[in-house]
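Here is the structure we will look at.
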Amino acid sequence: MWDILYTNANLATMVATGAPYGAIENGAIACEDGKIAWLGPLARLPGKPEKLSREQIDCNGMWLTPGLIDCHTHLVFGGDRAREFEMRLQGRSYEEIARAGGGIISTVRATREATAEELAESAGIRLAALTAEGVTTVEIKSGYGLDLETELKMLEVAQSIGAYERVRVQRTFLGLHALPPEFKEDRAAYVQLVADVMIPAVAAAGAADAVDAFCENIGFTTEETDYVFSAATANGLRVKLHAEQLSNQNGAALAAQHNALSADHLEYIDDAGIRAIARSGMVAVLLPGAFYFLRETMLPPIQKLRDAGVPIALATDCNPGTSPLTSPLAIMNMACTLFRMTPEEALAGFTREGARALGLQDEVGTLEVGKAADFAIWDINAPAELSYWLGAKLLQERVVAGRLA
Ligand code: NIG
Ligand code: FE
């Protein structure tokens with residue numbers, strides 16, 4: 001006997017072989033112990049629904065997709081940067097503002113001052129906006145503390161808001177996000193602190209699943225990133241990297257050497273970087289929200305990534321500086337309009353490939369027997385609508401571990 005059977009649903013399984021979207025029309029999907037126990041066309045159901053399952057839910061012909069996975073966010077932070085937005089509109093650049101002590105460092109000040117409760121409240125509102133668009137798994141980075149105490153505070157808040165909103169949370173320690181003001185005269189000491197003290201402490205506390213860095217002119221060098229990634233690996237943590245967002249630092253190639261899960265942004269990646277990603281099997285995470293918000297004109301090389309067979313994920317990159325938005329569906333639209341991705345690639349970016357970017361491809365991201373029963377049920381006639389409407393309320397239900405959430 002199954003726990004719940006969802007009937008009368010069109011299933012976008014997002015399994016890569018076969019029909020577009022891996023679609024099974026007029027389907028049903030059964031859940032047992034929080035996992036998918038059966039799925040297929042309604043006509044192939046091996047008996048009467050009420051004989052097979054304790055509970056049945058009729059989806060009235062709606063579309064059911066894997067729950068969305070937002071694999072790159074900076075959801076937890078203090079304050080906002082609306083004032084800097086105004087400055088940028090008056091002609092100052094993101095880099096200029098960052099070099100003048102604004103940017104990430106201004107959010108660090110606000111995050112250090114905020115209590116855990118205040119952070120949970122503001123981040124909880126942002127997380128609720130994600131779940132209202134079908135998100136069931138989210139990655140949340142630290143990186144606005146830049147001291148151990150505040151970094152751990154951020155990671156604890158990430159955990160607690162996930163439990164409250166019923167979202168699976170993957171946590172990433174982003175110690176190399178910016179140089180904290182108190183280390184202004186001694187970069188090397190900060191990098192060493194991250195590698196030798198913070199990473200072991202974060203790992204020992206079980207407070208993160210991965211380590212990230214901002215490898216950039218205004219961030220950290222490849223040498224510094226290399227040093228910190230070695231510490232991550234030595235402490236049993238996977239790595240991922242903000243790479244080639246504003247310039248080409250050969251960060252993706254470095255990430256590949258460290259067997260990274262993903263390289264993220266990639267506007268300025270070159271052919272050698274693409275080859276390195278393709279060889280290593282890691283995921284390219286594209287972040288159209290930051291591209292849009294910074295009015296970037298350098299497009300990530302989508303066609304070359306496709307040609308090289310690189311899996312492409314998408315994410316909101318929700319953060320106060322470069323992507324103050326909480327709408328995966330808006331990002332899917334931007335991926336299509338700005339990057340010329342297809343609606344099917346956009347949905348794959350927020351499901352199958354997002355899971356892979358977090359190393360969770362055996363647990364979530366597609367509708368397959370044995371995976372977690374995490375779904376989004378949408379009031380749409382065709383899956384392309386998810387990338388098409390901007391600002392519409394399309395989500396009917398969110399299902400986490402088989403249960404309406
Ligand atoms: O993904 N580039 C580094 N991290 C963020 C921006 C963070 C910020 O400006 O607060 C990003 O774009
Ligand atoms: Fe980011």
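Read the numbers this way: they start at 1 and go in the same order the structure lists the ligands and their atoms. This is a predicted model, so every value here is computed, not measured. Atoms considered below: every heavy atom in the structure, side chains included; atoms not considered: hydrogens, waters and symmetry mates.
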Please calculate the NE2(His74)-the Fe ion (ligand 2)-NE2(His242) angle and round it to 10 degrees.
-> 100°
Mind checking whether the Fe ion (ligand 2) has an N, O or S of His265 under 2.8 Å?
-> no
Minimum-distance protein heavy atom relative to atom 9 (O) of ligand 1 = Tyr94 OH, 2.4 Å
Determine whether the side chain, the backbone, both or neither of Arg81 has a heavy atom under 4.0 Å from any heavy atom of ligand 1.
-> side chain
Under 4.0 angstrom from ligand 1, any heavy atom of Thr107?
-> no
Between the side chain of Thr233 and the main-chain N/O of Phe229, is any donor-acceptor distance below 3.5 Å?
-> yes
In this structure, atom 10 (O) of ligand 1 is nearest to the protein heavy atom Tyr144 OH, 2.6 Å
Would you mind reporting whether Glu133 and Leu394 have side-chain heavy atoms less than 4.5 Å apart?
-> no
Would you name the heavy atoms of Val15 and Arg352 that are closest together and state the gap between them?
-> C-NH1, 4.3 Å
Within a radius of less than 6.0 Å around CZ of Arg54, do more than 12 heavy atoms belonging to other residues, nucleotides or ligands occur?
-> yes
Mark yes when over 12 heavy atoms from residues, nucleotides or ligands other than Phe339 sit less than 6.0 Å from its CZ; otherwise mark no.
-> yes
Contact atoms of ligand 1, heavy-atom distance to His265 under 4.0 Å | 1 (O), 11 (C), 12 (O)
For the Fe ion (ligand 2): the N/O/S atom of His72 at shortest distance = NE2
Nearest non-hydrogen protein atom to atom 4 (N) of ligand 1, with distance, is His177 NE2, 2.9 Å
Backbone of Gln245 reached by a side-chain donor or acceptor of His265 within 3.5 Å | no
Hey, mind stepping through Thr13 and Glu368 against side-chain hydrogen bond (donor to acceptor under 3.5 Å, both in side chains) and telling me if it holds?
-> CA-CA 7 Å; Thr13 68; Glu368 287 179 86; over 6 Å; no
Can Lys141 and His72 be said to form a side-chain contact (heavy atoms from CB on, under 4.5 Å), step by step?
-> CA-CA 8 Å; Lys141 300 176 197 295; His72 178 144; 3.3 Å; yes
Look at the N, O or S atoms of Asp317, main chain and side chain alike, and state whether any lies under 2.8 Å from the Fe ion (ligand 2).
-> yes
Residue, atom and distance of the protein heavy atom nearest atom 12 (O) of ligand 1 read Thr322 OG1, 2.6 Å
